[in-house]
Asker: 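Mind looking over this structure? Questions follow.
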Amino acid sequence: MDYDLAIIGSGPGGYVAAIRAAQLGFKTALIEKYATLGGTCLNVGCIPSKALLDSSEHYSQAQHEFKQHGIEVGELRLNFAQMLKRKQNVVDTTCKGVEFLMKKNKIDVFQGCASLVDAHTIAIQGDAPRQISTKNMILATGSKPSSLPGIQIDKQRIISSTEALNLSEVPKRLLVIGGGIIGLELGSVYARLGAEVTVFEYLDRLIPGMDQDLGKEIQKVLKKHLKIQFKMQHQVTAVENLGGSVKLTAKNKQGETEHWEGDYCLMAVGRKAFTEGLNLSAIDLETDKQGRIPVNADLQTKHAHIYAIGDLIAGPMLAHKAEEDGIYAVEHLAGQQPHLDYRLVPSVLYTWPEAAGVGDTEQALKEQGRAYKSGQFPFRALGRARASGDLDGFVKVLADADSDEILGVHILGARAADLIGEAVVAMEYRASAEDIARISHAHPTFSEAMREACLAATDNRALHV
């Protein structure tokens with residue numbers, strides 16, 4: 001065999017798996033169909049979206065908040081082209097960093113479309129077509145944006161997140177289908193830059209995978225600060241490209257048909273596994289109704305030497321989940337005893353304020369019939385939040401009613417994406433709310449809200465409310 005391990009797909013799952021494999025002494029190949037490494041996350045997902053989120057937040061602060069801090073600026077002007085240029089520089093630097101890591105770890109990288117010839121042979125169609133043989137394999141080809149039945153993403157006026165990251169102009173009116181993470185993040189970017197944003201959500205709540213209290217609060221905050229309009233319980237039935245605009249048709253919760261026009265329509269209803277071109281039939285692999293590849297608890301397909309990870313399999317479609325999958329697969333292949341717990345993979349919404357959660361939601365605990373207690377602490381009661389002006393949000397802690405073990409933590413507020421890390425560590429070690437309540441947290445910091453929420457969950461002992 002040419003390689004001990006060949007990995008198809010260079011997103012966070014694939015390239016991290018390649019690095020770990022090289023560390024463990026495997027002769028490793030990484031195959032990527034695009035010219036740059038990093039997959040959706042680095043090229044058209046996590047990294048560019050966060051670059052635009054940060055840039056647009058700076059612009060919004062200069063518009064609305066600097067004056068409160070005693071900072072007076074002259075005529076404020078948006079240079080959208082420069083904002084996009086900076087975003088691309090961030091992407092390019094990050095992707096080059098992955099290329100460097102491949103060279104550093106002596107991983108052979110092949111550029112081209114991979115398809116399976118048999119269970120140990122991969123054909124690569126690129127500038128120099130070839131075949132390679134491998135003892136083991138990891139499928140890590142990720143996902144692509146989904147759409148609704150009868151609505152085609154034309155990449156002109158009806159766009160996905162990929163096109164939304166590269167618009168040549170700030171829309172005057174942006175219609176967003178989907179009140180999940182992608183829709184709210186990109187909607188908030190353009191709302192800060194001056195667009196009139198309307199979000200259409202089929203359900204009665206936003207970010208449906210997260211705790212309902214977070215969804216309710218982020219809706220209030222985004223409506224208040226960014227003037228985003230929300231059309232809840234609306235079923236979008238059609239979107240038409242009118243040339244210079246789009247027309248959206250939807251049914252409201254009373255069943256009445258309504259119409260809206262905008263400059264662009266962003267389709268943000270989720271993503272689906274991407275296996276096109278892999279030729280899975282060559283090794284008798286079938287996908288489920290969602291297009292995912294079935295695997296066992298060790299991420300092995302029906303062929304024990306072939307693993308599938310990340311968005312190709314069940315579980316949250318998150319970059320850091322894919323990384324954990326990749327590490328697990330490689331370490332299992334090496335005969336180690338890796339650890340993987342999807343319940344403790346945090347989910348984050350990078351609006352401002354941010355939202356983050358890990359573990360059980362309150363709704364899940366109710367459905368399970370599990371006895372629990374909760375504690376909540378508002379950010380506006382923190383000295384650090386008052387100092388920075390970030391008063392929106394709270395920390396919510398859910399703990400077992402008898403053992404006091406932390407079952408879930410849900411945060412809305414400044415730096416929630418970073419704060420959730422403490423909750424993940426605590427839950428990995430099965431800490432109780434009392435454990436966190438007894439730990440000193442630096443003052444003044446946002447992390448004090450975590451301690452206060454744990455105090456609130458243990459006999460309502462929060463100190464600063």
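Since the structure is predicted, the reported quantities are computational estimates derived from the model, not experimental observations.
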Asker: Heavy atoms, side chains only, cut-off 4.5 Å: are Asp263 and Arg173 in contact?
Answerer: yes
Asker: For the residue pair Tyr372 and Glu362, confirm or rule out a side-chain donor-acceptor distance under 3.5 Å.
Answerer: yes
Asker: Do you know the tightest heavy-atom contact between Ile406 and Ala426?
Answerer: CD1-CB, 4.3 Å
Asker: Asn252 versus His234: any side-chain heavy-atom pair under 4.5 Å?
Answerer: yes
Asker: Tell me the closest heavy-atom pair linking Trp352 and Ala414, and the distance in Å.
Answerer: CZ2-CB, 3.5 Å
Asker: Examine distances only and state if a side-chain atom of Tyr190 and a backbone atom of Ala164 form a donor-acceptor pair shorter than 3.5 Å.
Answerer: yes
Asker: I want to check something: taking the side chain as every heavy atom from C-beta on, are Cys454 and Arg451 in contact at a cut-off of under 4.5 Å?
Answerer: no
Asker: Under 4.5 Å between any side-chain heavy atoms of Phe379 and Asp390, yes or no?
Answerer: no
Asker: Does Asp204 use its side chain to pair, donor to acceptor, with the backbone of Gln233 at less than 3.5 Å?
Answerer: no
Asker: Any chance you could lay out the side chain to side chain contact (heavy atoms under 4.5 Å, CB included) test for Lys144 and Lys272, step after step, and finish with the verdict?
Answerer: CA-CA 6 Å; Lys144 65 178 182 179; Lys272 57 183 178 182; 3.5 Å; yes
Asker: Surrounding CG of Asp341 (heavy atoms of other residues, nucleotides or ligands, distance under 6.0 Å), is the total greater than 12?
Answerer: yes
Asker: Side chains of Ser281 and Asn279 only: does a donor on one sit below 3.5 Å from an acceptor on the other?
Answerer: yes
Asker: When you compare the side chains of His441 and Glu422, does any donor N or O come within less than 3.5 Å of an acceptor on the partner?
Answerer: yes
Asker: Donor-acceptor pair, Arg192 side chain versus Leu53 backbone, under 3.5 Å?
Answerer: yes
Asker: Short question: side chain of His410, backbone of Asp360 - any donor-acceptor pair under 3.5 Å?
Answerer: yes
Asker: With a sphere of 6.0 Å drawn around CZ of Arg20, does it hold more than 12 non-hydrogen atoms of other residues, nucleotides or ligands?
Answerer: yes
Asker: Could you walk me through whether Arg292 and Thr287 pass side chain to side chain contact (heavy atoms under 4.5 Å, CB included), step by step?
Answerer: CA-CA 5 Å; Arg292 302 173 303 193; Thr287 58; 5.9 Å; no
Asker: Distance-only, no hydrogens or angles: does the Thr301 side chain make a donor-acceptor pair with backbone N or O of Tyr307 under 3.5 Å?
Answerer: no
Asker: What is the minimum heavy-atom distance between Ser188 and Leu226, and which atoms define it?
Answerer: CB-CD1, 3.7 Å
Asker: Side-chain contact test, heavy atoms from C-beta onward, threshold under 4.5 Å: evaluate it for Ile19 versus Met102 and give yes or no.
Answerer: yes
Asker: Measure across Glu65 and His69 and return the closest heavy-atom pair with its distance rounded to 0.1 Å.
Answerer: O-CD2, 3.2 Å
Asker: For the pair Glu240 (side chain) and Leu242 (backbone), establish whether a donor and an acceptor sit closer than 3.5 Å, ignoring hydrogens and angles.
Answerer: no
Asker: Can you measure from CE (Met427) to CG (Leu344) and round to the nearest 0.5 angstrom?
Answerer: 5.0 Å
Asker: If only atom types and distance count, is the side chain of Gln88 paired as donor or acceptor with the main-chain N or O of Lys85 below 3.5 Å?
Answerer: no
Asker: Take Leu407 and Arg343 through the test side chain to side chain contact (heavy atoms under 4.5 Å, CB included) and record every step on the way to the result.
Answerer: CA-CA 10 Å; Leu407 304 175; Arg343 180 174 163 267; 4.2 Å; yes
Asker: Which value, rounded to the nearest 0.5 Å, describes the distance between Lys231 atom NZ and Leu248 atom CG?
Answerer: 11.5 Å
Asker: Ser60 side chain to Ser56 main-chain N or O, any donor-acceptor pair under 3.5 Å?
Answerer: no
Asker: Around Glu72, counting heavy atoms of other residues, nucleotides and ligands shown, do more than 12 lie under 6.0 Å from its CD?
Answerer: no
Asker: Which atoms form the tightest heavy-atom contact between Ile293 and Ile313, and what is the distance?
Answerer: O-CG2, 3.5 Å
Asker: Does any part of the side chain of Leu419, heavy atoms only, come nearer than 4.5 Å to the side chain of Ser447, both counted from C-beta?
Answerer: yes
Asker: Atom OG of Ser160 and atom CG of Leu266: how far apart are they, to the nearest 0.5 Å?
Answerer: 7.5 Å
Asker: Is a side-chain N or O of Asp108 found less than 3.5 angstrom from the main chain of Ala29, in a donor-acceptor match?
Answerer: no
Asker: Would you find more than 12 non-hydrogen atoms of other residues, nucleotides or ligands less than 6.0 Å from Gln212 atom CD?
Answerer: yes
Asker: Within the 4.5 Å heavy-atom criterion, are His464 and Phe377 side-chain neighbours or not?
Answerer: yes
Asker: To the nearest 0.5 Å, how far apart are NZ in Lys216 and NZ in Lys220?
Answerer: 8.0 Å
Asker: Classify the side-chain pair Tyr350/Glu57 by whether it contains a donor and acceptor separated by less than 3.5 Å.
Answerer: no
Asker: Can you classify the ring geometry of Phe200 versus Trp260 as parallel (below 30°), tilted (30 to 60°) or perpendicular (above 60°)?
Answerer: perpendicular
Asker: What do you reckon, is CD of Glu169 surrounded by more than 12 foreign heavy atoms closer than 6.0 Å?
Answerer: yes
Asker: Are Asp311 and Lys321 within salt-bridge range, i.e. N to O under 4.0 Å?
Answerer: no
Asker: Examine distances only and state if a side-chain atom of Thr141 and a backbone atom of Phe274 form a donor-acceptor pair shorter than 3.5 Å.
Answerer: yes
Asker: Are any non-hydrogen side-chain atoms of Met83 and Leu78 less than 4.5 angstrom apart?
Answerer: yes
Asker: Taking atom NZ of Lys247 as the centre, report whether more than 12 heavy atoms of other residues, nucleotides or ligands fall under 6.0 Å from it.
Answerer: no
Asker: Where do Ile122 and Ala6 come nearest, in terms of heavy atoms and distance?
Answerer: CD1-CB, 3.8 Å
Asker: Given side chain to side chain contact (heavy atoms under 4.5 Å, CB included), test Met210 with Ile218 step by step and report yes or no.
Answerer: CA-CA 11 Å; Met210 302 179 79; Ile218 197 63; over 6 Å; no
Asker: Return yes when atom OH of Tyr34 has more than 12 non-hydrogen atoms of other residues, nucleotides or ligands closer than 6.0 Å, and no otherwise.
Answerer: no
Asker: To the nearest 0.5 Å, what is the distance between CD (Glu217) and CD1 (Ile411)?
Answerer: 14.0 Å
Asker: Check the side chains of Asn79 and Tyr59 for a donor-acceptor pair under 3.5 angstrom, ignoring hydrogens and angles.
Answerer: no
Asker: Nearest 0.5 Å, please: how far is CD1 in Ile177 from CD1 in Ile151?
Answerer: 5.0 Å
Asker: Got a salt bridge between Lys50 and Glu185, using NZ or NE/NH1/NH2 to carboxylate O under 4.0 Å?
Answerer: yes
